> 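Here it is, the structure, as structure tokens.
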Amino acid sequence: MTRYNTSHGTRVLEIALLLFFLLAVAFPLVGMFSRLADPQVREVFGTPAFATACVNSLVVAALTTVISVLAALLMSWVLCRTAIHGKGLFAVLLTVPMLVPSLAHGMSLVYLLGSNGILTNLLHGSWSIYGYPGIVMGSFLYSFPPAFLMLYDVMRYEDATPYQAADVLGIPKGSQFAHITLPFLRKPLVSAVFATFALVITDYGVPLMVGGKVTTLPVLMYQNAVGLLDFDTGAAIGFVLLVPAVIDFLVDVLARDNASARYVSRGFDNKRRPVRDALGYVAAVLVTLALLLPIATFCMVSFVTKYPLDLTPTLANVGRAFTMGAGSYWVNSLFIAFVVSILGTILAYLVAYITARVGGVSARLLHLASVTTLAVPGIVLGLSFALAFKGSLIYGTFAILILVNLVHFIASPYLMAYNSLSKVNKNLEAVGQTMGVGRARIVLDVLVPATADTIAEMFSFFFVNCMVTISAVSFLSTTLDMPLALLVTDLDAQRLVECSAFVAVLILFTNVVEKAVVAFVKRYRHAQQTAI
């Protein structure tokens with residue numbers, strides 16, 4: 001990329017952004033892992049509890065990864081290679097579990113399949129979901145949507161030309177899938193496998209709710225750091241949890257390099273085949289039901305008198321939940337989500353502009369700093385913030401919750417903006433410089449309108465994730481600034497299961513409304529452009 005004359009203001013911006021990542025990412029992590037120099041901290045690695053938690057985490061993550069990725073591959077194929085109706089609706093419904101905290105998935109399984117669960121009583125079952133079965137099922141609900149999106153977004157842009165040639169040559173469909181589809185999906189599949197594994201192995205929400213006697217590494221870290229205030233043990237476990245996330249990050253970066261070269265323009269003309277389409281409908285309905293039935297369960301539980309004894313519909317739980325603080329915590333979450341979404345979108349866009357359109361050494365450092373945050377699990381980042389900023393002016397305030405969420409989620413919105421800005425004519429700044437038009441005016445008058453849809457998606461990504469996150473904020477929140485998602489466990493621990501379920505419904509409702517508003521704004525903007 002040609003680097004045009006950089007103004008003093010742009011250089012100041014580059015330095016400010018580099019300082020931000022240094023103070024908000026590098027400083028907390030280096031401080032946290034410096035504790036590993038203490039021999040007593042390293043002794044944690046040799047304890048029986050650590051070894052058992054390691055084995056449990058690896059088993060759960062491996063099983064869930066296999067199930068989630070295979071189901072994601074199946075659903076991607078059904079939506080891209082069959083002629084079933086309602087593909088758009090299925091694609092939306094399959095991502096609904098992303099709109100609730102992982103805690104809610106574990107909680108819903110207890111309501112549905114626990115000892116007094118709805119299906120348990122209906123089918124007179126005697127099973128137990130606590131332990132491995134519950135963690136794997138809950139982790140599937142939590143990890144399937146991202147894996148599905150990773151494969152679906154690639155498969156729907158696959159070129160149909162090799163398949164047409166294979167049809168002419170009489171190659172069976174099974175062989176086409178094995179020798180054309182799977183090689184095409186090799187890099188996305190590898191990325192999906194590592195991303196799912198890292199997502200599951202670093203989550204503590206599901207195992208905290210349905211783990212029973214099976215303790216995973218994140219739960220052990222949470223119990224020691226939050227319950228016992230043993231931050232040394234937390235730091236040691238955090239270092240271990242960083243390893244799969246770093247591997248996932250490296251795989252994702254390497255897999256992304258050649259992704260754009262594999263998309264071509266000729267799409268598939270899926271002709272109707274009764275047997276294939278019928279099986280496609282069956283698969284789509286079964287997977288969708290598996291994902292939505294638990295969500296429907298906690299929606300139902302939130303409006304019954306006393307689960308499971310009295311299932312009479314009532315609205316009393318709404319008032320009880322707000323009496324227990326749901327209203328104030330909801331306001332806290334909305335405030336955090338809106339502030340993070342606004343500041344995060346601006347920050348990610350500025351970083352993307354520097355890296356995609358200014359270039360230079362500083363730009364490469366900013367790109368590395370931005371994408372590196374993908375490799376830091378929320379639970380590790382939260383603990384590092386607790387250790388680094390304890391006793392500071394921002395500790396115990398909204399400021400630290402806003403900062404940790406901003407750092408935690410900035411990578412994906414940054415990449416959205418980077419990809420969009422990279423596609424806009426790179427000579428705009430040179431032309432502007434010749435005509436005496438500054439960079440700021442080009443950004444506001446040309447680039448922002450050209451990438452408005454991306455900016456809306458960046459805002460939405462920050463908002464939804466701030467509403468559902470529990471890992472990054474669990475070490476930092478107080479009773480005054482606690483986000484709504486953390487109230488789920490508090491109410492459940494008090495046996496107020498109906499109120500706990502309503503809190504999950506409130507989070508789901510908030511995110512659905514936000515998604516609908518963003519979709520309406522984008523559609524309205526496109527309509528206005530068409531009218532012009």
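Computed from a predicted structure; not experimentally measured.
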> For the residue pair Phe389 and Tyr395, is the inter-centroid distance of their aromatic rings smaller than 6.0 Å?
no
> Kindly check if the number of other-residue, nucleotide or ligand heavy atoms within 6.0 Å of CZ (Phe27) is above 12?
no
> Judged by atom type as modelled, is there a donor-acceptor pair below 3.5 Å linking the side chain of Asn465 to the main-chain atoms of Phe461?
yes
> Donor-acceptor pair, Asn332 side chain versus Leu480 backbone, under 3.5 Å?
yes
> Going from CZ on Phe50 to CD1 on Ile237, what distance comes out if it is rounded to the nearest 0.5 angstrom?
6.5 Å
> Without swapping roles, check the side chain of Thr52 against the backbone of Ala49 for a donor-acceptor pair under 3.5 Å.
no
> Assess whether side-chain hydrogen bond (donor to acceptor under 3.5 Å, both in side chains) is satisfied between Thr454 and Ser420, documenting all intermediate values.
CA-CA 7 Å; Thr454 299; Ser420 293; 2.6 Å; yes
> Can you name the closest pair of heavy atoms from Val468 and Asn511 and give their distance?
CG1-ND2, 3.4 Å
> Where the side chain of Thr355 meets the backbone of Ala352, is there a donor-acceptor pair that is under 3.5 Å apart?
yes
> Could you label the plane-to-plane angle of the Trp330 and Phe322 rings as parallel, tilted or perpendicular, counting under 30° as parallel and over 60° as perpendicular?
perpendicular
> Picking from Val503, Leu315, Val505, Leu506, what satisfies side chain to side chain contact (heavy atoms under 4.5 Å, CB included) with Ser302?
Val505
> Verify whether the ring centers belonging to Tyr111 and Phe298 lie closer than 6.0 Å.
no
> To the nearest 0.5 Å, how far apart are CG in Asn419 and OG in Ser422?
6.0 Å
> Would you call the rings of Phe45 and Phe239 parallel, tilted or perpendicular, where under 30° means parallel and over 60° means perpendicular?
tilted
> Decide yes or no on side-chain hydrogen bond (donor to acceptor under 3.5 Å, both in side chains) for Ser68 and Ser143, but give the supporting numbers first.
CA-CA 7 Å; Ser68 293; Ser143 63; 2.9 Å; yes
> With no hydrogens and no angle check, is any side-chain donor or acceptor of Asn56 less than 3.5 Å from a backbone partner on Thr215?
yes
> With a 4.0 Å cut-off, would you call Arg35 and Asp232 a salt bridge?
yes
> Please check if the side chain of Glu14 supplies one atom and the backbone of Ala363 the other of a donor-acceptor pair under 3.5 Å.
no
> Does any non-hydrogen side-chain atom of Val110 lie less than 4.5 Å from one of Tyr130?
yes
> Of all the heavy-atom pairs spanning Ala485 and Ser333, show the shortest one and how long it is.
N-OG, 4.4 Å
> Going by the angle between their ring planes, with limits at 30° and 60°, are Tyr418 and Tyr414 parallel, tilted or perpendicular?
tilted
> Check salt bridge (charged side-chain N to carboxylate O under 4.0 Å, His left out) between Asp481 and all other residues, then give those that pass, not counting sequence neighbours.
none
> Is it the case that the side chain of Thr373 and the backbone of Ser370 share a donor-acceptor pair, with hydrogens and angles ignored and the cut-off at 3.5 Å?
yes
> To the nearest 0.5 Å, what is the distance between NE2 (His408) and CG (Leu401)?
13.5 Å
> In terms of the angle between their ring planes, are Tyr142 and His105 parallel, tilted or perpendicular, with boundaries placed at 30° and 60°?
tilted
> Quick one: CD1 on Ile410 to CG on Leu415, what's the gap to the nearest 0.5 Å?
10.0 Å
> Sub-3.5 Å donor-acceptor pair from the side chain of Ser34 to the main-chain atoms of Gly31, do we have one?
yes
> Looking at Thr95 and Val92, would you say the former's side chain and the latter's main chain have a donor-acceptor pair under 3.5 Å?
yes
> Please say whether more than 12 non-hydrogen atoms of neighbouring residues, nucleotides or ligands are located less than 6.0 Å from CG in Leu19.
yes
> Restricting to ring-ring contact (aromatic ring centres under 6.0 Å, His included), what partner residues turn up for Phe509, sequence neighbours left out?
none
> Restricting to non-hydrogen atoms, name the atom on Ile201 and the atom on Pro244 that form the minimum distance, rounded to 0.1 Å.
CG2-CG, 3.7 Å
> For the CG atom of Leu23 and the CG atom of Leu18, what is their distance to the nearest 0.5 Å?
11.0 Å
> Any idea how Phe140 and Phe144 line up, ring-wise: parallel (<30°), tilted (30 to 60°), or perpendicular (>60°)?
tilted
> Measuring from Met221:CE to Leu383:CG, what's the distance to the nearest 0.5 Å?
4.0 Å
